[in-house]
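Reading through the C-alpha coordinates given below for one structure.
The chain is numbered in sequence order, starting from 1. All heavy atoms count here, side chains included; hydrogens, waters and symmetry mates do not.
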Amino acid sequence: MIKAAVAGDYKGIPTTTLVGGVAVILYFIMPIDIIPDFIPVIGLLDDASLLAWFMTTIKTELDRFKDWDIMHQEQQRQAAHNSAPHNADSSFGTPKYSDRSGDNVEVDRHTEL
(Lines give C-alpha, C1' and ligand atoms only; values in the text may rest on other atoms or scores of the structure.)
Protein backbone atom coordinates (compact mmCIF):
# COMPACT_ATOMS: atom_id res chain seq x y z
CA MET A 1 0.00 0.00 0.00
CA ILE A 2 2.82 2.39 0.87
CA LYS A 3 4.61 1.60 -2.39
CA ALA A 4 1.49 2.29 -4.46
CA ALA A 5 0.76 5.50 -2.53
CA VAL A 6 4.33 6.80 -2.92
CA ALA A 7 4.26 5.97 -6.64
CA GLY A 8 1.04 7.99 -6.95
CA ASP A 9 -1.09 5.05 -8.09
CA TYR A 10 -3.19 4.79 -4.92
CA LYS A 11 -4.73 7.95 -3.53
CA GLY A 12 -7.17 6.36 -1.08
CA ILE A 13 -5.28 6.83 2.18
CA PRO A 14 -7.09 9.47 4.25
CA THR A 15 -4.97 12.25 5.73
CA THR A 16 -6.42 11.49 9.16
CA THR A 17 -5.03 7.95 8.99
CA LEU A 18 -1.57 9.23 8.06
CA VAL A 19 -1.56 11.86 10.80
CA GLY A 20 -2.96 9.37 13.32
CA GLY A 21 -0.28 6.83 12.44
CA VAL A 22 2.53 9.34 12.87
CA ALA A 23 1.02 10.57 16.15
CA VAL A 24 0.66 7.03 17.56
CA ILE A 25 4.23 6.13 16.61
CA LEU A 26 5.58 9.33 18.17
CA TYR A 27 3.52 8.81 21.34
CA PHE A 28 4.73 5.21 21.59
CA ILE A 29 8.40 6.18 21.11
CA MET A 30 8.45 9.30 23.31
CA PRO A 31 9.36 8.75 26.96
CA ILE A 32 6.79 11.34 28.10
CA ASP A 33 3.28 9.83 28.30
CA ILE A 34 -0.04 10.72 29.90
CA ILE A 35 0.55 7.74 32.19
CA PRO A 36 4.30 7.16 32.71
CA ASP A 37 5.60 3.82 31.48
CA PHE A 38 7.41 3.00 34.73
CA ILE A 39 4.06 2.44 36.50
CA PRO A 40 3.47 -1.33 36.32
CA VAL A 41 0.76 -2.51 33.89
CA ILE A 42 -1.15 0.79 33.75
CA GLY A 43 1.85 2.65 32.35
CA LEU A 44 1.95 0.51 29.24
CA LEU A 45 -1.82 0.19 28.94
CA ASP A 46 -2.24 3.61 27.30
CA ASP A 47 0.44 2.76 24.72
CA ALA A 48 -1.14 -0.62 24.03
CA SER A 49 -4.63 0.86 23.68
CA LEU A 50 -3.41 3.47 21.17
CA LEU A 51 -1.61 0.79 19.17
CA ALA A 52 -4.73 -1.41 19.19
CA TRP A 53 -6.86 1.50 17.96
CA PHE A 54 -4.42 2.28 15.17
CA MET A 55 -4.18 -1.37 14.13
CA THR A 56 -7.97 -1.56 13.67
CA THR A 57 -7.89 1.69 11.70
CA ILE A 58 -5.07 0.52 9.44
CA LYS A 59 -6.78 -2.87 8.99
CA THR A 60 -9.78 -1.11 7.48
CA GLU A 61 -7.51 0.87 5.17
CA LEU A 62 -5.63 -2.30 4.16
CA ASP A 63 -8.92 -4.01 3.29
CA ARG A 64 -9.88 -1.05 1.09
CA PHE A 65 -6.46 -1.14 -0.56
CA LYS A 66 -6.76 -4.87 -1.20
CA ASP A 67 -10.08 -4.34 -3.00
CA TRP A 68 -8.58 -1.47 -5.01
CA ASP A 69 -5.49 -3.52 -5.89
CA ILE A 70 -7.53 -6.45 -7.19
CA MET A 71 -9.60 -4.10 -9.36
CA HIS A 72 -6.48 -2.21 -10.52
CA GLN A 73 -4.70 -5.43 -11.53
CA GLU A 74 -7.78 -6.58 -13.46
CA GLN A 75 -7.90 -3.24 -15.31
CA GLN A 76 -4.20 -3.52 -16.17
CA ARG A 77 -4.69 -7.09 -17.38
CA GLN A 78 -7.62 -6.01 -19.56
CA ALA A 79 -5.64 -3.09 -20.97
CA ALA A 80 -2.68 -5.35 -21.77
CA HIS A 81 -4.97 -7.92 -23.36
CA ASN A 82 -6.74 -5.31 -25.50
CA SER A 83 -3.49 -3.75 -26.70
CA ALA A 84 -1.69 -7.05 -27.46
CA PRO A 85 -1.49 -7.86 -31.18
CA HIS A 86 -3.41 -10.90 -32.32
CA ASN A 87 -1.52 -13.01 -34.86
CA ALA A 88 -4.16 -15.71 -35.18
CA ASP A 89 -5.68 -16.51 -38.57
CA SER A 90 -9.15 -15.08 -38.12
CA SER A 91 -10.33 -16.63 -41.39
CA PHE A 92 -10.14 -20.22 -40.07
CA GLY A 93 -13.53 -21.89 -40.41
CA THR A 94 -14.68 -19.52 -43.11
CA PRO A 95 -15.56 -20.73 -46.64
CA LYS A 96 -11.88 -20.57 -47.60
CA TYR A 97 -11.32 -23.64 -45.41
CA SER A 98 -14.75 -25.21 -45.78
CA ASP A 99 -13.42 -28.04 -47.95
CA ARG A 100 -11.06 -29.21 -45.15
CA SER A 101 -11.82 -31.01 -41.92
CA GLY A 102 -10.91 -29.43 -38.57
CA ASP A 103 -7.93 -31.81 -38.17
CA ASN A 104 -6.44 -31.07 -41.58
CA VAL A 105 -4.83 -27.64 -41.47
CA GLU A 106 -2.00 -26.78 -43.81
CA VAL A 107 0.79 -24.56 -42.58
CA ASP A 108 2.82 -22.47 -45.00
CA ARG A 109 6.39 -23.23 -43.93
CA HIS A 110 7.99 -20.94 -46.50
CA THR A 111 6.88 -17.76 -44.76
CA GLU A 112 9.49 -15.96 -42.73
CA LEU A 113 8.68 -14.74 -39.26
**OP:** Taking all non-hydrogen atoms of both residues into account, name the closest pair between Gly12 and Glu61 and its distance.
**Re:** O-OE1, 3.7 Å

**OP:** Verify, without hydrogens or angle tests, whether Thr57 (side chain) and Trp53 (backbone) share a donor-acceptor contact under 3.5 angstrom.
**Re:** yes

Original post:
Do the non-hydrogen side-chain atoms of Asp9 and Trp68 ever get within less than 4.5 Å of each other?
Top reply: yes

Subject >> Cluster companions of Leu26 among Ile, Leu, Val, Met, Phe, Trp, Tyr (side-chain spacing under 4.5 Å) >> reply: Val22

Original post:
Met1 and Ile58: side-chain contact (heavy atoms from CB on, under 4.5 Å), yes or no, with the steps?
Top reply: CA-CA 11 Å; Met1 181 169 79; Ile58 201 70; 4.0 Å; yes

**OP:** Spell out, yes or no, whether Ile13 and Leu62 are grouped together once hydrophobic residues are joined by side-chain heavy atoms under 4.5 Å, including indirect joins.
**Re:** yes

Original post:
Do Asp69 and Glu74 have side chains that get closer than 4.5 Å, going by heavy atoms?
Top reply: no

**OP:** Could you please spell out the steps behind the side-chain contact (heavy atoms from CB on, under 4.5 Å) verdict for Phe28 and Leu51?
**Re:** CA-CA 8 Å; Phe28 187 73; Leu51 284 175; 3.4 Å; yes

**OP:** Would you indicate whether the side-chain heavy atoms of Tyr27 and Asp46 approach each other to under 4.5 Å?
**Re:** yes

Original post:
Can Val19 be reached from Val6 by stepping across I, L, V, M, F, W or Y side chains whose heavy atoms are under 4.5 Å apart?
Top reply: no

Original post:
Does one hydrophobic cluster hold both Leu18 and Phe65, with members joined at side-chain heavy-atom distances below 4.5 Å?
Top reply: yes

Subject >> Atom of Thr17, atom of Phe54 and distance for their closest heavy-atom approach >> reply: O-CE1, 3.8 Å

Original post:
Out of curiosity, Gln78 CD to Gln75 CD, how far, rounded to the nearest 0.5 Å?
Top reply: 9.5 Å

Original post:
Any side-chain heavy atom of Arg64 sitting closer than 4.5 Å to one from Tyr10?
Top reply: yes

